[in-house]
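One structure below.
Residue numbers run from 1 in the order of the sequence given.
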Amino acid sequence: MHHYGALLKCSNDKNHPVVDECELPLIDLNGLNSSNESERMSCAAAICKAASEWGFFQVVNHGINPELLRNMREEQVRLFGVPFERKVTCGLLNNPYRWGNPTATRSNQYSWSEAFHIPLTMISEAACWGEFTSLRETINEFAPAMLKVSSLLASILAENLGYPKDAVEKLCDASTNFLRLNHYPPCPKSIEVFGLVPHTDSDFLTILYQDQVGGLQLMKDSKWVAVKPNPDALIVNIGDLFQAWSNDEYKSVEHKVVANDKMDRYSIAYFLCPSYSTTINNCKEPSVYRKFTFGEYRHQIQEDVKQIGHKVGLSRFLL
């Protein structure tokens, strides 16, 4: 199911040490539809085990049409092909365009990438999309498909903790979730900077649709491992909120993207987030973390990045 492959060829420096390549736990979601109860239970158990042991896993037979995924990628490539000046000033979707880390003070704080961070409430506001009407139409199909997969996985993970099956679904919906379109251009200084700096995700669950270029790495057993791209799979990872909610049973794992000096890389992340007023509080005692709202958590992250240059995260909320 998962193993370590050959060493990747990459520079052994402090930002990008030589790492092993790994295949994440691979889960066939068809198992959840089986008429055989033990097969359904086995599939659900594999999801929960991967969330606990890896914090990351891949899913196949997820129900999203491959043609929709291809259309989404084409629209994304077209969007990022717009000249920089227009991306910064065009006002598309109330300026969700991000690039690099303008506040970085050293090379290892800088992300060599650009992104459109899109609140899904914007889909209904046709006037915001300007010339990108076909992008809006494709996202209008893509976002509900990603929500369906993320809600399914969240229900299994919640039930395993003793919560009602729909507990996460009640907190996170199309009005609070985000889509992030990422582009990592070829980087002439790929040895010195990251494509995306090491971080954990601040949501409940992230679903990633990535291309075949590679570059995603995660922390496993105190070392970085490179994720081998699988053309048929979506990547799923646990976010900070699920780790807190599960009292550390599920792991929100640090990950990064290494820069590539030759090829463009594209990915799309769907973030399962609650509203800012939602309180994160687990059902098991003794609790590892104090109660906090998602808004409070986001504010603390912003303050830490401003003060010390990086996110601290859950350790700020330990009891």
Fellow cluster residues of F178, listed by chain then number, with links counted only when side-chain atoms sit under 4.5 Å apart: F271
Full working for side-chain hydrogen bond (donor to acceptor under 3.5 Å, both in side chains) between R78 and S134: CA-CA 11 Å; R78 190 166 78 88; S134 61; 3.2 Å; yes
R316 and D304 ion-paired at < 4.0 Å: yes
Within the side chain of [X], is there an N or O that forms a donor-acceptor pair under 3.5 Å with the backbone of [Y]?
X: E114; Y: Y184; value: no
X: K165; Y: I156; value: no
X: T206; Y: D203; value: no

Summary of ring-ring contact (aromatic ring centres under 6.0 Å, His included) pairs that have at least one residue in residues 300-319, sequence neighbours excluded: F292-F317, Y297-F317
Quick one: [atom1] on [X] to [atom2] on [Y], what's the gap to the nearest 0.5 Å?
X: H117; Y: N182; atom1: NE2; atom2: CG; answer: 10.0 Å
X: M146; Y: L68; atom1: CE; atom2: CG; answer: 9.5 Å
X: I27; Y: L153; atom1: CD1; atom2: CG; answer: 8.0 Å

In one Ile/Leu/Val/Met/Phe/Trp/Tyr side-chain cluster, 4.5 Å: M263, L216: no
Connected via hydrophobic side-chain network under 4.5 Å: Y209 and L79: yes
Aromatic plane relationship, H183 with Y266 - under 30° parallel, 30 to 60° tilted, over 60° perpendicular: parallel
Parallel, tilted or perpendicular: rings of F116 and Y97 (30°, 60°): tilted
Residue pairs fulfilling salt bridge (charged side-chain N to carboxylate O under 4.0 Å, His left out) with at least one residue in residues 131-140, sequence neighbours excluded: R86-E131
Nearest non-hydrogen partners of L272 and A154, listed with the distance: CD2-CB, 3.9 Å
Centroid-centroid under 6.0 Å between F84 and W99 rings: yes
Check: W245 ring centroid to F204 ring centroid under 6.0 Å: yes
CA sep, side-chain torsions, deciding dist, call: L314, Q243, side chain to side chain contact (heavy atoms under 4.5 Å, CB included): CA-CA 9 Å; L314 282 177; Q243 177 169 328; 3.7 Å; yes
Lys/Arg cation over aromatic W224: K256, 6.0 Å, 45° cone: yes
Given K228, K223, K220, the one that forms salt bridge (charged side-chain N to carboxylate O under 4.0 Å, His left out) with D20: K223
